[in-house]
Structure formats: C-alpha cells, structure tokens
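A short worksheet on the structure shown next.
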Amino acid sequence: MNFSTFNLSPILLSIFTHLAVYTSSIHLAQAQRDMYFGHAAGLSISDDGKLTPLEGSKMLTDEGCALQYNELGELLFYTNGVSVWDSRHQVLKNGTGLMGGESASHSALICPRPGQTDEFFLFTINDLTGSRLKEQTGLRFSLIKSDGEEGYEVDENSKNVLIQEFVGEKMALTPHGNGIDFWLLVRSELGFKSYLVTSNGVEIKEKSHGSDKLLSQKNERSTLLHDLGQFKISSDGRYAAAAMNFKETTDPSIELMRFDPCSGDISDRLNLSVKTRMKKTKVYGVAFSPKSNELFITAYSLSDGGMLLKYSLDNWNEQDVQASRQSIYEGQSRLYALQFIDNQRALSSSDHDRGRFVGLLSQGELGWHLKTDAIRITAGRSVASLPSFLSIAQDELQDNYLPDTSFCLGSHIELELPEYIDLITPLQKVDNKFVINQEGIYEYETSSYCQKVVSEFEVYSKNCDQECSLKFPLAFTPNGDGRNDSFGPVNQFDCTVTDYNMVIRSRSGSIMFQSKSPEDTWDGNRADPMEVYVVSCIYRIDGTSRSFVGDVTVVH
C-alpha cells in the first residue's frame, strides 16, 4: 500500500546547529568504537585510532547491516535488518522478525527519532534474490525505544510499518539541511525517491529521478544484478552515488547525482560507465571522501579479482569526472563494500582469505593506498558486509569566517571569495577580486543550505613605515617613586590594539595578574623581590594577530 504521511506525535529536535556548505572534517556516528558486520565479524577503534578485531557478535549477514551509538560513541545496538542485538549481544525485546534481508545491499539504516531521546527509527528493505523476490516486503520502519531500564526494545505497536511496497536494495540516510529532520533516499519503481523523516512522521516526497525502471517480478533472474551494490550520500549532503549493474551485454556504471538537503531534489545526473580489463565486471562499493570532493568505487570479477577506482568531483560533467579516474588497487582480491571511519581511512570488505581480512584505504604523502589484508578478523568473516551509520559534516558555519584585516596606507586589499560568500557592502571588483582601500566595517552573507548568516569584518589602515607592535620591559620597580612602578606593554606608535589578554604567572604556574587592556598594568602585588615571572600575551594590532611570551623580573 502507498501513503502520503504516517502520523506520529508532534516532536522537536535540533541535532546540530547547521551544516556548512564546504567542510574539512567528517563526524561519523559520533566517535564510534565497536562495530559488527558480516558473519559474526567485529572491529574496535581505540582512542588513538588503532583497529583490533572483536568477538562475540551474533549477527549473520552477507551484505547490509547498521549500528547505532550514543553521544559518547558507545554502541547501543546493531542489526542485519532481521534481528536487533544490544552491545552485550542479547536480542532486544521484540527484536526479531523484522522484514529486512541479509542479502540486501542496504538491509537496514538507523536515525534518531526527531524530538525524542533514546528513540530511533530503524528502516529495512529486503533482498531481491531467489525466493525472496516473490516475498517482496518493501520499505518498512520499526521504532526502537528505551525499555525503561538500561536497555532498548522494539515497540511492538510500531514494528514493520509499511512505507512503500516495492523498492530496490538501495537506500541512504542524510540529515535535512534544517538541522532537525532527515532525508531517506530509496531506489523505487521510478528511479530514486526521497522520503522526509520529520517530527510528524515519514512523508513521501515525489522527488524521483532516473529513467531506469526498477525490475519487476516478471523479469528474468539474470537482470536482478541491476540492484547489486551500495548507494551513498556524501557527508555534506550535496551528492549521491549508486552502483548500477545491468545485463552482461552492458557495462556497469555509477549513477552520480546532486542532492539538495533542503528540498530533497535530485538533479544533474551523471552516468559514469565503468569499463575495466576484467571480464564480466560488477561494481559494488561506493564512498565519498570526507571532503566530498572525491568518489571511490570498487569493482570485481568472479574470474579476474578486483579494483578500487577514484574519481574527482571538482568539475561536474561526465567528461571531466570520467577523465579524472585513477586506479588505486588492482589485484586478485574481489572488493565489495566501502565505509569511511575517519578523515583519512575507510574500510573495505573483500574475499581475501575467504573474507577473513578487512582492507584499509588510507591517505598518505603519496596519495591514497589500499591494503587488502590490513586487519585479520579473528572471529567470523566480513563477506561483502560493512556497517552503515550516519556520516555528518562536522564543521559548522563560522560567523567570523572573514577575519579582521589591515592594509598599508596608500595601498589596498584584494579579496577572492568562495562562491558561498556574498559581500553585502558594495565594493569595486577588479579581475574577479574585491578591492578594499578604505577603513570600515564590511558586511557579508554566508549561505548554508537552508539558511543565510550575515556577519561582518573590520578593515584597518596602518603606516607600514612604522613597526606596529607592543614592547614589554624585562623588569620593573614597584617602589612608589613614580618611575617604572608597574608592568605593562609600551605602544610606541599608538597603534590600535584589540582582543588583548595578558596573563602573568609564577614559576609554579599560579596566576599573579591578568589584564584585558594594555592600560591595565600590574603593580607587583603579591610579588617576591627579585623573582622572575612568566608573561604571556595575545592581542590584535591593526587587525593582525600577535603574541608575546617572555619573563619579567620584579625589582624592589
């Protein structure tokens, strides 16, 4: 059955303040530590980033699985879309009989229920292979909540709730640009469809894209490869990519598209044909780099091993993206799922030693490198499985993105701004650069998906023939004779000083004096004669950051 809205009680939540359009770091499911996947496989990430095998998992899955952590990075529960286990590997109450499929590329995904603590939506889809094709259970969700003690349970009144009857094996979650809701993207009969997860429930938004119809039950078995492989959204929410496999007469491809996290719109589709030296190539793994400017995919052949390829997304057109392709790995190991775990590393599943190793994609001085036997699994094996969790851009939009600055008298400043920053104060533009030759406060607007932030920065002028800086004496004599009785900086050229903070400490580290203004000086109170004290001071002078660290001796 189809529906427009499944109503839940009104609730509110703010997960984070807002997302920046361009980010330099990635936040993956808080600071996740323990993860389980595959056939009873597990890994733990230590505080220093070391990866070690874990045992005890009760999960069996060929492909999809999902994890949920708390704000401290502690594992709450994990699932293959059929059953749910807690961190002690005990099945949650009502945690069996879910309608996902262990052989679905994405059998399960989890996000917090907006507006509630300790409540989560678990989305499931089943696989489209063998007898399960005739038992298509569609896209569903179940509510996981606190059991009132120290654990969790599946709400028996909100279990396996149908959202859409016939869908593919691909789905992905990403935060809405408003910082409150979520988008769930799923491959359906119309291509890809956006579902909005809000405080009011799950709404179907007819934001479909792609002309390829999902395969129906009447199609031949050989065409079912069409839905094989991963589907991912970049951590900043701007892009989505899906592995696409067709009949043997057609090369596999990557469907790459722009995504708007405000409206849920999918646009600017690029189709990257993946031709390789291997026979009967299939593409499977998909992962965006933490900066969302590169795309990694894995390809494999039953007879010729596997490959890891990288594409640059700097220029959004098929020719340039296709031409940017680089091979990171070619070898005997068949490569499957990809999942980034921090800013420099991603895990890769493969058939290396029958799946008893997990590969590690890492970035070094010479670029990206894949080691297929990086971590040996001591219990179980990975198969084609790696865990799914929310990837969220961590950097927030900074109101003071443009720092205060200064220019020399008779000269000027040239600003070259990113496309997401618009100057509100009118300025002359020369050779695509803004020219500033007058002191003043300048306003600018920064766009962040669903909102705009207005900020300002100040520009100073200075005489560059003079060395603007504060001079700090080496000693002073607080004896009341009217000469050198207190300690503070000397402003030789009467330069403008802002954001001033001076701290004076004893050798033991005790704070003797602290000042927020150059005019507020130390009279030597509590100081011992001939004792040496440590001075540290940070400040801005004509808009430029400066600092001083040194000693001062109190002479009585």
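In the model, Asp181 has no side-chain atom that pairs as donor or acceptor with a side-chain atom of Thr198 under 3.5 Å. For the residue pair Ser87 / Glu74, no side-chain donor-acceptor distance below 3.5 Å is found, with atom types taken as modelled. Side-chain contact annotation: Thr281 with Thr276, donor-acceptor N/O pair under 3.5 Å present.
Within the 4.5 Å cutoff, no side-chain heavy atoms of Ile110 are placed close to those of Ile144. Side chains of Leu256 and Tyr311 form no contact here, defined as non-hydrogen atoms less than 4.5 Å apart. Val154 has its side chain out of reach of Leu122: every pair of non-hydrogen atoms, C-beta onward, lies at least 4.5 Å apart. Here the side chains of Phe259 and Ile266 are in contact, with some heavy-atom distance below 4.5 Å. At least one side-chain heavy atom of Arg376 sits less than 4.5 Å from a side-chain heavy atom of Asp353. Counting heavy atoms from C-beta on, the side chains of Phe141 and Leu184 never come closer than 4.5 Å. For the pair Val161/Arg140, no side-chain contact is recorded, criterion being any heavy-atom separation below 4.5 Å from C-beta on. Side chains of Leu272 and Ile297 form no contact here, defined as non-hydrogen atoms less than 4.5 Å apart.
Applying the salt bridge (charged side-chain N to carboxylate O under 4.0 Å, His left out) rule to Asp86 yields the partners Arg88; only residues at least two apart in sequence or on another chain are considered.
Ring pair Phe288/Tyr239 is parallel by interplanar angle, where below 30° counts as parallel and above 60° as perpendicular. A tilted orientation is assigned to the rings of Tyr36 and Tyr78, their planes being inclined by 30° to 60°.
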> So Tyr195 and Leu139, side-chain contact (heavy atoms from CB on, under 4.5 Å) or not? Walk me through it.
Replying inline: CA-CA 11 Å; Tyr195 298 84; Leu139 171 65; 3.9 Å; yes
> Does the pair Ser44 and Leu54 meet the rule for a side-chain contact (heavy atoms from CB on, under 4.5 Å), with working shown?
Replying inline: CA-CA 6 Å; Ser44 178; Leu54 277 180; 3.7 Å; yes
> Passes side-chain contact (heavy atoms from CB on, under 4.5 Å), Leu347 versus Leu360? Steps please.
Replying inline: CA-CA 5 Å; Leu347 299 178; Leu360 189 64; 3.9 Å; yes
>> For Leu228 and Lys282: C-alpha separation, side-chain torsions, deciding distance, then whether side-chain contact (heavy atoms from CB on, under 4.5 Å) applies.
In response: CA-CA 8 Å; Leu228 175 74; Lys282 303 294 181 291; 4.2 Å; yes
> Given the rule in the side-chain hydrogen bond (donor to acceptor under 3.5 Å, both in side chains) test, do Ser267 and Asp265 qualify, once you have shown the distances and angles that lead to the verdict?
Replying inline: CA-CA 6 Å; Ser267 62; Asp265 287 333; over 6 Å; no
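Closest heavy-atom contact between Gly168 and Ile125: O-CD1, 3.4 Å. The heavy-atom pair separating Ser382 from Ser350 by the smallest distance is OG-O, 3.9 Å. Considering every non-hydrogen atom in both Ala243 and Val286, the closest pair reads N-CG2, 3.9 Å. Across every non-hydrogen atom of Thr372 and Ser333, the tightest pair is OG1-OG, 3.9 Å. Here the closest non-hydrogen pair linking Gln339 and Leu386 is N-CD1, 4.0 Å. In this structure, Leu309 and Met307 approach most closely via the heavy-atom pair CD2-CE, 3.7 Å.
The main-chain N or O of Cys262 is found under 3.5 Å from a side-chain atom of His176 such that the two form a donor-acceptor pair. At least one donor-acceptor pair under 3.5 Å links the side chain of Ser301 to the backbone N or O of Lys279. Checked by atom type and distance alone, the side chain of Trp183 pairs as donor or acceptor with a backbone atom of Pro261 at under 3.5 Å. Proximity of a side-chain donor or acceptor of Trp316 to a complementary backbone N or O of Asp268 within less than 3.5 Å is detected. Side-chain atoms of Ser234 do not come within 3.5 Å of backbone N or O of Ser292 as any donor-acceptor pair. Side chain of Asn245 to main chain of Val283: a donor-acceptor pair is present (N/O by atom type, distance under 3.5 Å, no hydrogens or angles). A donor-acceptor pair under 3.5 Å links the side-chain atoms of Thr61 to the main chain of Glu102, judged by distance alone. A donor-acceptor contact shorter than 3.5 Å links the side chain of Thr298 to the backbone of Tyr336. Not a single donor-acceptor pair under 3.5 Å links the side chain of Ser348 to the backbone N or O of Gly359. Within the 3.5 Å criterion, the main-chain N or O of Asn94 finds no donor-acceptor partner in the side chain of Glu156.
One distance of note links NE2 of His369 with CG of Leu308; it measures 10.5 Å at 0.5 Å rounding. In this structure, Met171 CE and Phe231 CZ are separated by 11.0 Å, a value rounded to the nearest 0.5 Å. If you take CZ on Arg356 and OG1 on Thr378, they are separated by 11.5 Å, rounding to the nearest 0.5 Å. The structure places CG of Leu92 at 12.0 Å from NZ of Lys145, a figure rounded to the nearest 0.5 Å. A distance of 9.0 Å separates CD in Gln68 from CG in Leu75, rounded to the nearest 0.5 Å. Separating the NZ atom in Lys291 from the CG atom in Asn343 is a distance of 8.5 Å, to the nearest 0.5 Å.
Remark: of the listed residues Leu109, Leu196, Thr174, Val197, Val197 is the sole one forming a side-chain contact (heavy atoms from CB on, under 4.5 Å) with Phe182.
If you look at Phe77 and Phe120, their ring centroids are closer than 6.0 Å. Aromatic pair Phe296/Trp368: ring centres closer than 6.0 Å.
Taking the ring centre of Phe192 as origin, the terminal cationic atom of Arg187 falls inside the region bounded by 6.0 Å and 45° from the ring axis.
A 6.0 Å sphere centred on CD of Gln363 holds more than 12 heavy atoms belonging to other residues, nucleotides or ligands.
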